[in-house]
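Each remark here refers to the structure printed beneath this line.
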Amino acid sequence: MRLTVIGCGYVGLVTGACLAAAGHEVFCTDIEEDRINLLKAGKVPIYEEHLDEVLQRAVQEKKINYTSDAGEAIRFAEVIFICVGTPPKKTGEADLSAIDNVARKIAMEAREPKLVVEKSTVPALTGAQLQKALAAYSPDGAIKFQVASNPEFLREGTAVGDFFHPDRIVVGVEDEKSVGTLREIYRPILEKKFHCPVHAGKCPSGTSGEFLVTTISSAELIKHASNSFLALKISYANVIADICERIGADVEEVTHAMGLDPRIGAQFLQAGLGFGGFCFPKDIQAFIHLSATVGVEFDILKAAERVNKQRIDRFFEKVRKALWVIRGKRVAVLGLAFKANTDDVRFAPALDVIQRLLGEGALVRATDPQAISRTKNAYPNVSYFEDPYEALQGVDAALVCTEWAVFRNLDWEKAGRVMSRRLVIDGRNLCNPKKMQTLGFDYYSFGRS
Ligand code: UGA
């Protein structure tokens with residue numbers, strides 16, 4: 001099937017590439033011409049595991065193309081996926097101006113009926129507004145547009161695997177024809193008829209998702225409700241960690257046992273510096289804003305957000321306790337990305353940590369396997385090192401901020417030899433406290449004695 005993807009950010013790139021790899025003909029467009037030129041030259045502007053190979057295959061099979069001419073892309077297909085950004089405004093409300101601009105463009109440029117699919121994360125009721133906007137911007141109202149919501153549940157770092165092996169594919173629609181079209185688009189995924197970039201040989205069984213048909217508002221809400229619930233779970237684990245510290249319990253022991261209860265589940269109970277990224281912090285704010293707009297107080301979500309913001313304070317209490325005076329100290333920050341396996345530093349806790357360290361007069365040396373180039377411009381006063389052992393050279397303390405495997409598996413004996421003081425404040429609970437103690441480290445983490 002012919003498909004158009006508007007917006008070549010992380011969601012658009014993964015969606016376009018995976019749908020092309022699943023056999024569709026995909027035309028992608030973006031208002032940033034540099035990005036389109038990069039993509040045309042075969043370069044991938046973000047670090048995302050397996051995306052390179054998926055795109056290469058799609059290009060080789062002539063299934064994907066890029067253009068900065070939105071009109072050309074809009075006229076190419078009957079189905080258009082909107083994948084533009086919905087950043088937060090100062091009030092926490094989602095800024096939907098990019099969606100509005102795209103609606104105007106589609107209405108102006110389309111010459112025949114289209115199914116317009118929201119993939120961007122949007123507040124509930126956006127679908128209805130989009131439908132109105134498309135009708136209002138259509139020059140003579142002659143062309144009919146159908147709207148659907150098809151939220152993505154892709155995690156950065158594992159997005160390609162998530163796309164090909166979803167837990168669920170949610171389509172919020174108003175008419176049967178749109179259900180049929182969307183089912184056809186996802187048929188290769190549902191029937192596992194694609195070349196899997198993640199699993200060599202056969203994919204494990206039980207990994208194709210359920211196709212759920214809902215109303216548009218439900219689909220929009222499912223996305224916000226899912227992300228917010230996961231954020232709640234993380235903040236819950238973080239409060240448990242704080243209690244553990246006060247009473248001498250161990251958060252890993254507590255959350256491990258909790259997670260064995262299938263009603264709770266083991267994931268997203270990892271205590272530490274809290275959640276960052278361009279999804280949870282903004283989605284939680286947008287959901288709080290939406291619920292207030294419709295007259296529902298979402299206090300538990302407000303509390304989850306507050307707990308998350310306080311993680312940096314909790315971390316700095318440990319840093320201060322361990323280092324005493326921060327001014328003039330050489331400190332290594334291990335990890336810049338908001339989580340492992342991505343180069344994304346948007347709302348990354350590590351950047352808040354760096355901001356505070358610099359503010360208090362520390363000399364910061366930072367390392368990250370992928371995110372250095374994305375951080376350099378914003379923090380030119382930091383020294384950057386590809387090699388973690390170089391970052392650790394002569395430092396008074398190492399601060400672990402991202403859960404990269406390379407930091408989990410660091411040779412701390414070797415690290416200790418180059419550090420001027422064996423002190424680690426671990427914001428992601430990556431190291432074993434006993435082992436660190438045996439190696440002579442003064443070691444601090446969250447919720448573990
Ligand atoms: C999140 C959701 O997990 C996806 O399902 C969703 O599609 C995506 O947002 C989105 O809305 O586009 P993502 O932001 O890529 O995905 O990252 P997560 O893996 O959810 O992690 C978010 C943050 O929580 C990271 O900073 C991570 O370090 C932190 N985290 C995660 C914890 O602090 N503890 C945990 O136990 C788990």
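Whatever order the structure lists ligands and atoms in, that order sets their numbers, starting from 1.
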*asked:* Any salt bridge linking Glu360 with Arg320? Criterion: basic side-chain nitrogen under 4.0 Å from a carboxylate oxygen.
replied: yes
*Regarding His256 and Glu253, is there a side-chain donor-to-acceptor distance under 3.5 Å anywhere?*
no
_With a 4.0 Å cut-off on N to O distance, would you call Arg374 and Asp343 a salt bridge?_
yes
_List the residues meeting ring-ring contact (aromatic ring centres under 6.0 Å, His included) with Phe194, not counting sequence neighbours, and say none if there are none._
Phe164, His165
*First-shell residues of ligand 1 [heavy atom, distance under 4.0 Å]*: Glu152, Phe153, Leu154, Arg155, Glu156, Lys223, Asn227, Ile234, Phe268, Leu269, Gln270, Gly274, Phe275, Gly276, Cys279, Phe280, Asp283, Phe338, Lys339, Glu403, Arg428
*Take Thr402 and Leu334 through the test side-chain contact (heavy atoms from CB on, under 4.5 Å) and record every step on the way to the result.*
CA-CA 7 Å; Thr402 311; Leu334 306 188; over 6 Å; no
*asked:* Can you tell whether the side chains of Glu245 and Lys318 come within less than 4.0 Å, N to carboxylate O?
replied: yes
